[in-house]
A.B. asks: 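Structure provided below as structure tokens; questions to follow.
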Protein chains: 2
Amino acid sequence: MNENRKHDSNAQDRTDRDWDLLYEIRQRVIQSVAKNMDLFGVTPSVGRLYGTMYFHGQPMTLDEMRDELGMSKTSMSTGVRSLQEIHMVYQTWKKGVRKDLYQAEEDWYKTFIELFTTKWRKAIEINSKEVSNAKGLLEHLWQNTHDENLKRIVAEDLEKLQHASEYYDWLSRLVESFETGEIFKFIPKKSEA
Amino acid sequence: MNENRKHDSNAQDRTDRDWDLLYEIRQRVIQSVAKNMDLFGVTPSVGRLYGTMYFHGQPMTLDEMRDELGMSKTSMSTGVRSLQEIHMVYQTWKKGVRKDLYQAEEDWYKTFIELFTTKWRKAIEINSKEVSNAKGLLEHLWQNTHDENLKRIVAEDLEKLQHASEYYDWLSRLVESFETGEIFKFIPKKSEA
DNA sequence: TCTTTCGTAAAATAATTACTGTATAAACAA
DNA sequence: TTGTTTATACAGTAATTATTTTACGAAAGA
């Protein structure tokens, strides 16, 4: 082995170690982010999938994901689909590429708001409906029953439901401020430091 | 059977039906609320437990809960404990009562804020730490590597992490506005209708 | 046309989480 | 003290959810 090749080889080794280090650092961030993604109702594996795509930066195929994560292609398929459903990943096209290409949404404000609003909107809608329905029924019951004890309890319940309605109204306005972006007037993206 | 008793009996039947109706109405609301409580990371059974306690209105014992929900006492014990941990239920005492008494937190604004802030605070803390740690390591790598390709990639990653930091900062200020109650200046509890 | 490649459906397995029954320690009562 | 009652730890079971393997239809290429 001559001096030149020895030198080259050492340089290459160093560079290899540098690349390894990069992936190691990424991995730690991905793991951390993925672990906390259950707040979005996303499972850690799917979270890791998102993180991998996020750092990959460019469109990825299902096969690449499988190689990167060492999981089955089917898992990648379902994982990507669930990420698409919550708009954290979108499909892209590239001329001449046959495989499906997917890319991670990079705007985290957007994903946060998207997730928060859709999840809570649904809950608010369902619950408010149920609450106002119950209110109607209880009012009717209150007017028609002859049992004074029951009447008192029903009145209490009605008060509880009234509180619930007001709470859902507040929550709805909160969600709206996210949907419209009004929230950024109150909490601006850049902190004035 | 004389006329009087017949009359009484009919009145009693009507009253019984009224009470049944009350419980039925409650049940529907409880079910709806419980189902949507997974947004708080609460399982439907535990959600039903909360709902039951909420409508019960006064302190409940584990045995009463078991009777009400038809589940094991152990489940009630662990369920109540988990609700206590997220401050949706608190323990009370009553002179002369030996059993533990628990009561549902009635202020839903409070529980929403409590849940939202503790969950996100933790995630923000963990992730920001990891991100700023990664930033340091990547900066060092950027300065020390000789591979120009790698250097470019590292710079890209650093930019991503910078975005992440800013996002977490925003989220942190959002959470803070909930913690301090400032949010109510922006979204008041009562809507001006 | 036939063959290959791709994505995903469906069934099977693995892993996780929820729930129950039994056992036990602590608190109380007699 | 001894005997009850209460809450919960622990171990086992049931139910749910995540993941993989196999299989197949659709699209693309030869």
Side-chain angles (χ1 to χ4, degrees), chain A residues 30-31 33-53 56 59-86 88-104 119, chain B residues 30-31 33-53 56 59-86 88-104 119:
Chain A
I30 290 170
Q31 187 58 28
V33 170
K35 210 168 187 174
N36 287 299
M37 261 212 236
D38 59 342
L39 292 177
F40 282 156
V42 171
T43 181
S45 323
V46 176
R48 248 171 358 251
L49 176 58
Y50 173 80
T52 305
M53 295 175 76
H56 193 261
M60 267 182 113
T61 67
L62 292 176
D63 288 311
E64 286 170 332
M65 297 173 204
R66 182 204 48 202
D67 294 342
E68 199 81 30
L69 292 166
M71 288 175 74
S72 73
K73 198 174 174 181
T74 307
S75 287
M76 300 303 95
S77 178
T78 55
V80 159
R81 177 194 291 243
S82 66
L83 286 170
Q84 263 187 299
E85 272 164 12
I86 58 176
M88 291 189 72
V89 152
Y90 53 92
Q91 196 164 2
T92 54
W93 285 270
K94 213 167 132 189
K95 199 163 72 173
V97 176
R98 200 172 139 194
K99 304 184 183 188
D100 290 1
L101 291 170
Y102 300 95
Q103 192 154 12
K119 284 186 183 296
Chain B
I30 290 170
Q31 186 59 28
V33 170
K35 210 168 186 173
N36 287 298
M37 260 212 237
D38 58 342
L39 292 177
F40 282 156
V42 171
T43 182
S45 323
V46 175
R48 252 177 346 257
L49 175 58
Y50 173 79
T52 305
M53 294 176 76
H56 193 261
M60 266 183 113
T61 67
L62 293 175
D63 289 311
E64 285 170 336
M65 298 174 203
R66 182 205 48 204
D67 293 343
E68 199 80 30
L69 292 164
M71 288 176 74
S72 72
K73 198 175 174 183
T74 305
S75 288
M76 299 302 96
S77 177
T78 56
V80 159
R81 176 193 293 243
S82 66
L83 286 171
Q84 262 187 300
E85 271 163 13
I86 57 177
M88 291 188 72
V89 153
Y90 53 92
Q91 197 165 1
T92 54
W93 285 271
K94 214 167 131 189
K95 200 164 70 173
V97 177
R98 201 169 138 195
K99 303 184 184 189
D100 290 3
L101 291 171
Y102 301 95
Q103 192 154 12
K119 282 186 184 296

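Lettering of chains follows the sequences in order, A, B, ..., and the numbering in each one begins at 1. The shown structure was predicted, so the numbers you read here are calculated from the model rather than taken from an experiment.
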A.B. asks: Under 4.0 Å between a side-chain N/O of B:Lys73 and OP1 or OP2 of D:dA7, yes or no?
C.D. replies: yes

A.B. asks: Looking at D:dA7, C:dC6, C:dA9, which one has an atom nearest to any side-chain atom of B:Ser77?
C.D. replies: D:dA7

A.B. asks: Name the closest nucleotide to the B:Lys99 side chain, picking from D:dA9, C:dT8, D:dA7.
C.D. replies: D:dA7

A.B. asks: Please name the pair of heavy atoms, one in A:Ala34 and one in A:Gly47, separated by the smallest distance, quoted to 0.1 Å.
C.D. replies: CB-C, 3.5 Å

A.B. asks: Separation of B:Asp63 atom CG from D:dT6 atom C1', in whole Å?
C.D. replies: 8 Å

A.B. asks: Over how many whole Å does the gap from B:Arg81 atom CZ to D:dC10 atom P extend?
C.D. replies: 11 Å

A.B. asks: Quickly work out the A:Asp100 CG to D:dA26 P distance and round it to whole Å.
C.D. replies: 16 Å

A.B. asks: Let me know the distance between CD of B:Glu64 and P of D:dT6, rounded to the nearest Å.
C.D. replies: 11 Å

A.B. asks: Rounding to an integer number of Å, can you tell me how far A:Met76 CE sits from C:dT8 C1'?
C.D. replies: 14 Å

A.B. asks: Where along nucleotides 13-19 of chain D does protein come under 4.0 Å, by heavy atom, of base (B) or sugar-phosphate alone (S), with - for untouched nucleotides?
C.D. replies: ------S

A.B. asks: Would you find a donor on one side and an acceptor on the other, under 3.5 Å apart, between the side chain of A:Thr43 and the backbone of A:Val46?
C.D. replies: no

A.B. asks: Whole angstrom is fine here: how far is it from CG in A:Leu62 over to C1' in C:dC6?
C.D. replies: 9 Å

A.B. asks: Taking only N/O atoms, report every protein-nucleotides 22-27 of chain C pair under 3.5 Å with atom names and distance.
C.D. replies:
none

A.B. asks: For the helix from C:dT1-D:dA30 to C:dA30-D:dT1, what is the angle between the axes at its two ends, each from 5 pairs, rounded to 10°?
C.D. replies: 0°

A.B. asks: To the nearest 0.5 Å, what is the distance between CG on A:Leu83 and CG on A:Leu49?
C.D. replies: 5.5 Å

A.B. asks: Please tell me if the side chains of A:Thr61 and A:Leu101 come closer than 4.5 Å, counting only heavy atoms from C-beta onward.
C.D. replies: yes

A.B. asks: If I take atom CH2 in residue A:Trp93 and atom P in nucleotide D:dA27, what distance separates them, rounded to the nearest angstrom?
C.D. replies: 15 Å

A.B. asks: Is the shortest side-chain N/O distance from A:Arg66 to OP1 or OP2 of C:dT8 below 4.0 Å?
C.D. replies: no

A.B. asks: Just how far is it from atom CE of A:Met76 to atom CG of A:Asp67, taken to the nearest 0.5 Å?
C.D. replies: 10.5 Å

A.B. asks: For B:Leu69 and C:dA18, give me the distance from atom CG to atom C1', rounded to whole Å.
C.D. replies: 15 Å

A.B. asks: So, taking the atom named CE in B:Met65 and the one named CE in B:Met53, what distance separates them when rounded to the nearest 0.5 Å?
C.D. replies: 3.5 Å

A.B. asks: Using 0.5 Å steps for rounding, measure from the CD atom of A:Glu68 to the CE atom of A:Met60.
C.D. replies: 5.0 Å

A.B. asks: Taking the side chain as C-beta and beyond, is there a heavy-atom pair between A:Ser45 and A:Met71 under 4.5 Å?
C.D. replies: yes

A.B. asks: Under the side chain to side chain donor-acceptor pair (under 3.5 Å) rule, what pairs show up with a residue in residues 74-83 of chain B, not counting sequence neighbours?
C.D. replies: B:Ser72-B:Ser75

A.B. asks: Holding to side chain to side chain contact (heavy atoms under 4.5 Å, CB included), I want the full list of residues that pass it with B:Gln31, two or more places apart in sequence or in another chain.
C.D. replies: B:Arg48

A.B. asks: Are the side chains of A:Leu62 and A:Lys99 in touch, meaning some heavy atoms are under 4.5 Å apart?
C.D. replies: no

A.B. asks: Looking at residues at least two apart in the chain, or sitting in another chain, which of them share a side chain to side chain contact (heavy atoms under 4.5 Å, CB included) with B:Lys35?
C.D. replies: none

